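Quick note on labels: first sequence line is chain A, next is B, and so on, each numbered from 1. Small disclaimer: the values here were computed from a predicted structure and weren't measured.
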Amino acid sequence: MDPGQFFTAPRVTIVAGKGGVGKTTVTAALAAVAARRGLSVLVVDIDGKSTLPSLFGGDESPLGYDDRIISPGGAGHGEIRARTMDPDEALLDYLEDHGLRRIAKRLSQSGAIDMVATATPGIKDVLILGKIKQLERSRTADVILVDAPAAGHAISFLRSAGGLLDAVAVGPIETQAREVLAMLSDSTRCQVMLVALPEETPVNELIDTAYSLEDDIGIALGPIVMNGLLPHLELEGIDARDAFETCATAPAADERELESLNAAATFRRHRQELQHDQLQRLSDTLPLAQLRLPFVFTADLGPSELSQLADEMVASIGNLSLADLGRAPQDTA
Amino acid sequence: MNASDMSPDRDDSAPPARSNREGLRDLVANASVMVCCGSGGVGKTTTAAVLAMEAARIGRRSVVVTIDPAKRLADALGLDGLGNEAHAVSGEWPGSMSALMLDTNATFDDLVAQYAGSSEQAAKILANRFYRNIAGALSGTQEYMATEKLYALHNSDEFDIVIVDTPPTRNALDFLDAPGRLTRFLDHRLYRLVTAPGRGVVRAVGVATQRFLRSAGKVVGGEVIADAIAFFQAFDGMEEGFKDRARAVDRLLSDPGTAFVLVASAKRDTVQEAEFFADRLRDSRIDVRALILNRMHPQFGDGEPDADVEESIRTAGSEWALLHTNRAQLNAIARSERTQVAGLLDAVSSAIVVDVPLLPFDVHDIATLDQLAGELFGRTR
């Protein structure tokens with residue numbers, strides 16, 4: 001599938017997963033791929049402490065409440081902008097919009113805002129999703145990527161609208177909640193892409209989250225992204241001593257050297273096996289397409305690593321078919 | 001496989017009589033409270049469980065408070081929905097190990113029952129809808145209840161050491177900041193105004209507050225605001241008890257017998273979080289006593305990837321080359337990780353630093369916890 005096609009519908013993709021699996025990196029790679037196809041991208045970071053800017057180089061100061069360009073457009077490249085959405089700010093804005101301007105600001109120090117938020121659990125999340133819905137409707141960018149809160153909070157984040165409606169919400173906030181639910185349950189407008197590492201606990205959590213999202217919330221799931229995949233080296237049955245003896249040009253190697261080469265190979269084989277088992281288990285348990293990103297051999301990621309990841313993402317998307325995404329040909333527009 | 005020793009440079013400047021792993025064993029042998037802090041996803045819960053297991057192994061009665069354990073680990077520790085009380089983990093130890101999974105709501109309910117003036121007051125609060133929302137909606141409540149549980153277990157005399165996992169928030173500092181948020185929430189001028197609207201000199205502000213609440217009610221629903229007001233009226237008088245309790249908990253956290261253990265991995269964001277946390281603790285005049293670096297890639301041989309890369313190019317196409325390519329890649333990761341954590345090591349200069357290698361198995365039961373303990377405490381198996 002062409003990446004341009006991948007990003008046309010739905011417009012909003014929420015990237016979710018347990019802490020530490022690389023959601024921000026995956027979000028950045030998706031943004032880079034969309035931009036390469038000439039699409040404009042807005043990345044919304046909910047947690048607000050994003051390492052996203054450092055992946056694109058340039059200004060690494062924290063993201064703010066206003067859009068900032070983190071990758072300029074031009075020459076067939078789309079522009080990538082990013083911003084945070086602070087939950088407390090969102091509630092304050094909302095109260096101000098409803099004629100509570102001066103007093104809301106004055107009382108925000110006193111905990112009045114906390115009181116309103118506690119009286120209506122999930123309201124901040126609904127308001128954030130409401131803003132995202134507004135951005136989607138106003139077509140402010142071709143593609144909106146949301147770097148969701150980690151782990152279990154992603155579920156309560158997405159459940160917030162339904163929860164609020166169940167809890168007797170009336171008035172303007174009820175309308176917001178209904179409109180948010182409408183967006184979340186429309187697969188042509190919004191999808192969730194879950195991210196995991198190829199290890200037991202992250203895969204377990206991904207499976208649980210996937211079922212919760214589909215059953216409880218009715219949100220569409222896009223392809224899963226498996227991150228940090230170790231490139232495969234075919235080390236099966238290789239022993240350092242045999243390798244040494246059959247390699248005519250190998251220099252002298254003592255016992256310690258051979259031991260460490262063997263130890264490294266054993267480590268690699270174990271990791272690859274673990275990885276393979278987890279990928280298989282995931283395929284067997286969840287009928288969702290998988291995109292795969294490789295492990296990057298540096299702990300500090302920057303623009304050149306991001307470019308590499310974007311290449312891999314393009315290749316991975318290329319392997320998808322429309323059927324993989326559960327779409328009939330006429331669904332793409 | 002050589003697990004890399006993370007602190008050769010620091011060992012040169014200060015002459016420790018014992019290794020870091022021995023230092024960690026001493027900490028487990030002597031502390032009365034250990035708090036495991038750090039970002040989500042670094043292995044805090046597993047680390048907390050292993051520390052508790054080690055305490056049991058050396059003859060102490062330990063209890064671990066978990067927050068959000070992975071299902072398999074929870075099952076292994078017998079935590080399948082057995083309520084908010086500690087119960088023994090089965091195993092052959094000279095001491096004993098117990099575990100519990102924090103139930104934020106139940107802990108809050110217990111506090112209310114304890115500090116209410118009467119059982120009627122307690123019942124009114126427990127039934128109030130706004131109260132039921134607090135645990136889930138007000139951030140910091142879970143952290144508050146974790147410290148509260150810690151305090152209660154410490155005082156119970158059933159245990160020699162309490163080990164606390166902290167909630168997997170994005171911001172590791174929440175654990176220190178959050179409890180204050182709840183106490184302020186429960187005891188704020190605003191709520192006095194709400195509950196005593198007509199009183200004397202504050203009448204003018206009281207009126208504005210009431211107008212705000214009426215307007216807020218129109219936006220979010222009048223009933224829910226009424227619930228909130230009813231809660232604060234019912235809670236009236238209990239603030240002092242809660243404040244006293246919070247102060248006592250604070251004293252326990254600053255006590256010399258309490259050890260803060262920072263858990264991190266070599267990823268940029270967890271390292272940054274850990275650095276912030278160490279700085280914040282220092283501001284409160286608390287030292288990080290131990291830093292545990294989880295999931296560190298081990299180093300193989302002398303760790304020089306360039307020599308391996310040259311060799312693999314030179315003998316390209318052979319199995320010999322493949323072995324060198326592999327070792328080069330793995331050592332490149334190990335080196336990069338060590339660079340990543342260098343700043344963190346400086347930030348916790350007085351702490352015991354122990355690194356735990358990336359293990360070729362998932363840790364989710366007593367047997368694998370025991371293997372992890374072997375790595376953490378330097379025992380040969």
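The CG atom of A:Leu230 sits 6.5 Å away from atom CD1 of B:Ile333, with the distance rounded to the nearest 0.5 Å. The CZ atom of B:Arg72 sits 7.0 Å away from atom CG of A:Asn204, with the distance rounded to the nearest 0.5 Å. Separation of atoms CH2 (B:Trp320) and CD (A:Glu245) is listed at 10.0 Å; rounding is to 0.5 Å. Between the CG atom in B:Leu73 and the OG1 atom in A:Thr201 there is a gap of 8.0 Å [rounded to 0.5 Å]. With values rounded to the nearest 0.5 angstrom, A:Leu261 atom CG is found 9.0 Å from B:Glu311 atom CD. Within the model, atoms CG of B:Leu138 and CG of A:Asp114 stand 5.5 Å from one another, a figure rounded to the nearest 0.5 Å.
Using cut-offs of 30° and 60° for the angle between ring planes, the B:His297 and A:Phe267 rings count as perpendicular.
With a threshold of 4.5 angstrom between heavy atoms, B:Thr270 does not approach chain A through any atom at all. Residue B:Asp227 does not touch chain A at all, counting heavy-atom pairs closer than 4.5 Å. For a residue to count as touching a neighbouring chain, one of its non-hydrogen atoms must lie under 4.5 Å from one of that chain's; by this rule A:Glu259 does not touch chain B. Residue contact with chain A, scored on non-hydrogen atoms closer than 4.5 Å, involves the side chain of B:His364 exclusively. Contacts of A:Asp277 with chain B are absent, with no heavy-atom separation under 4.5 Å from either backbone or side chain. Heavy-atom distances place no part of A:Leu91 under 4.5 Å from chain B, backbone and side chain included. For B:Arg335, no part sits under 4.5 Å from any heavy atom of chain A, backbone or side chain. Only the side chain of A:Ser54 has a heavy atom closer than 4.5 Å to any heavy atom of chain B.
Side-chain contact between A:Met115 and B:Phe232: present, with at least one pair of heavy atoms (C-beta onward) separated by less than 4.5 Å.
Summarising the geometry of B:Leu323 relative to A:Ala240, their closest heavy-atom pair is CD1-CA, 3.6 Å, with the distance given to 0.1 Å.
Remark: side-chain polar atoms of A:Arg268 are not paired, donor with acceptor, to backbone N or O of B:Leu330 under 3.5 angstrom.
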> Would B:Asn133 and A:Thr120 satisfy side chain to side chain contact (heavy atoms under 4.5 Å, CB included), going step by step from the backbone distance to the final call?
Replying inline: CA-CA 8 Å; B:Asn133 290 342; A:Thr120 42; over 6 Å; no
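Every residue meeting the side-chain hydrogen bond (donor to acceptor under 3.5 Å, both in side chains) condition with B:Arg295, not counting sequence neighbours, appears here in chain and number order: A:Glu199.
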